[in-house]
Every structure is written in C-alpha cells, then in structure tokens.
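Notes follow the structure.
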Amino acid sequence: YWRQFSPRVFETRNPIEVEGVPLNALGGRTMLWVGRNSPEKRPMDAIEAVMWIGDRVPGAKLIIMGGGFEHEAEMNWLKNVEYVGYHQDTEEIFRQADVFLCTSEYEGFSLTMAEAQARGIPCVTYDMAYLPILQGGGHVAVPMGDADALAKAAADLLLDEQEYVLTTAEIAFYRKVQASVDDITSYTTDAMSVTHGDKPFANLQQKITDLDARQRMIWYKMARYNIL
C-alpha cells in the first residue's frame, strides 16, 4: 500500500509461520484481548463486552494480556475478567482462548490477530477494511466503536456451535490458501524471467490438490454438525 507514495518502501514478510502450528482445541467460553493500555486500543470496550456477555453466556470470561494498566492488582476484581499482565512467552495464554477480541481504532498489521488466527481462533473485531488480514475469513467484523455489536457477535460465536465451526473452518482454509498464494506468486515471479526449459508451475497441481483436500475437510465438518 505505502509503495504508492514512496519507492523506498519495502515489504518484510511477517515472521508468523502458520504451517505446522497446531490449532486450538476450542469449544470453551474464554475470550482473549491482547495489547497495551492506550486510548486507540480501547481495552474498556472489551471489558464492557464481557460484562454484557457474562450475564448471557454461562462460564464466559475475558483474559487480558498486556501492560500499562493502572491499578493492575485490582484488574482481577472485575467480574468475569482475568488479568495476566505482560508475558514474553504468549503461547500458554493463546492456548486458553476460544474467541479473540480486537477493539483497536486502527492497526498497521495486527500481529496479535494473526497469532490468534494461526491457532484457529475466531476473531471478533472492529471493522478495519484496509487490513489484509481481514480480507479472508475466520473473523466477524462489526462497525467501528460499536461495543454492543462487538459483544453480541462474540456471544453469538460462543453460543452458536454451527457459526463457530464455520468460522474456525474458514481460518484453517484461508491460512492454507494464503500459503499457496505465496507459493504461486513466487512461481509467477520465476516465470517472468524464464524463457525455455524450466517449469515454474510444476508444483501448482499439487497445491490445487491440497486446497481441494482442505475444502473437503470443511464440508465434512459442516455435514458433521448438520449444517448442510
């Protein structure tokens, strides 16, 4: 995007590797919010959401991971909230999540949402249509700043098993698609410099086969939960 304004802008691929990352077990009632306490992150929207959800979804709770919160010791006194502070190793915390909440007014990339989706965790977020990570599936986007819609969308995911299965299946499918798109893009780049002999698309058929297999798995899950 920014290369439209300056030729000196270069893309650095995000370090998250989705291949081989095990998906979360899911099926629980735990939401996760990750970030620092700053106005544009709007953490209070997530806290207000869990207050509303807690009265409607038995066992629902929100884990808040991050720093910068005043009166940190008092955070755990909030109803249905578990404050865990700053963690350098976030794996253990992400493993507990069933739904990820993003309440930011804006993001440059949203690394935390990428980390959640890499584990198959469905995300509920304010709509930031310019973010590449929101171009695929695996999330529910609500109007910016609408905390009530955020809470309702998260509650619907926790209570509606069919919607939950479809959203998590989308993540698994789209992360496979993205890996294949990256490979196909590299094949296309190679093809532009090849005139004879080499076959840059030699592995393309295998990628298509892999995507077909992933799609069949989604259909299997849909049939299993009587969605078809």
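Hydrogens, waters and symmetry mates are skipped; everything else that's a heavy atom, side chains included, is used. Please read these numbers as outputs of a predicted model, since none were measured by experiment.
If you run side-chain contact (heavy atoms from CB on, under 4.5 Å) between N80 and each of V57, I47, V50, only V50 comes through. Under the side-chain contact (heavy atoms from CB on, under 4.5 Å) rule, L150 has a single partner from I53, V140, V142, which is V142.
Within the 4.5 Å cutoff, side-chain heavy atoms of L158 are placed close to those of M31. Using a 4.5 Å heavy-atom threshold, the side chains of L101 and L32 count as separate.
Under the side chain to side chain donor-acceptor pair (under 3.5 Å) criterion, T30 pairs with no residue, sequence neighbours left out. Qualifying salt bridge (Lys or Arg N to Asp or Glu O under 4.0 Å) partners for E105, counting only residues two or more places apart in sequence or in other chains: R42. For Q96, the side chain to side chain donor-acceptor pair (under 3.5 Å) test picks out no residue, with sequence neighbours left out.
To the nearest 0.5 Å, atoms CH2 (W33) and NZ (K41) are separated by 7.5 Å. Taking NE2 from H139 and CG from L157, the interatomic distance works out to 11.5 Å, rounded to the nearest 0.5 Å. Rounding to the nearest 0.5 Å gives a distance of 4.5 Å between CD1 of I133 and CD of Q117.
Nearest heavy-atom pair, V124 versus A153, reported as atom, atom and distance to 0.1 Å: CG1-CB, 3.8 Å. The two residues S110 and L131 come nearest to each other via the heavy atoms CB-CD1, 4.3 Å. Closest of all the heavy-atom pairs between C123 and M113 is SG-CG, 3.4 Å. Minimum heavy-atom separation, P43 to S38: CD-O, 3.8 Å. The two residues F69 and G35 have their closest heavy-atom pair at CE1-O, 4.1 Å. When all heavy atoms of A114 and F109 are compared, the closest pair comes out as CB-CE2, 3.9 Å.
A continuous path of hydrophobic side-chain contacts links L62 to L78 [ILVMFWY only; heavy atoms under 4.5 Å]. When the side chains of ILVMFWY residues are joined at heavy-atom separations under 4.5 Å, either directly or via intervening members, Y86 and V34 end up in two distinct hydrophobic clusters.
Listed by first and then second residue, the salt bridge (Lys or Arg N to Asp or Glu O under 4.0 Å) pairs involving residues 27-39 are R36-E40 (not counting sequence neighbours). Here side chain to side chain donor-acceptor pair (under 3.5 Å) pairs that include residues 120-133, with residues two or more places apart or in two chains, are D45-Y126. Note on residues 49-59: pairs passing side chain to side chain donor-acceptor pair (under 3.5 Å), not counting sequence neighbours, are D55-K79.
In this structure, a donor-acceptor pair under 3.5 Å is present between the side chains of E107 and S104.
One finds no salt bridge joining R119 and E115 here, because no Lys/Arg side-chain nitrogen approaches an Asp/Glu carboxylate oxygen to under 4.0 Å. Salt-bridge formation is not detected for the pair K152/D148: no Lys NZ or Arg NE/NH1/NH2 atom is positioned less than 4.0 Å from an Asp or Glu carboxylate oxygen.
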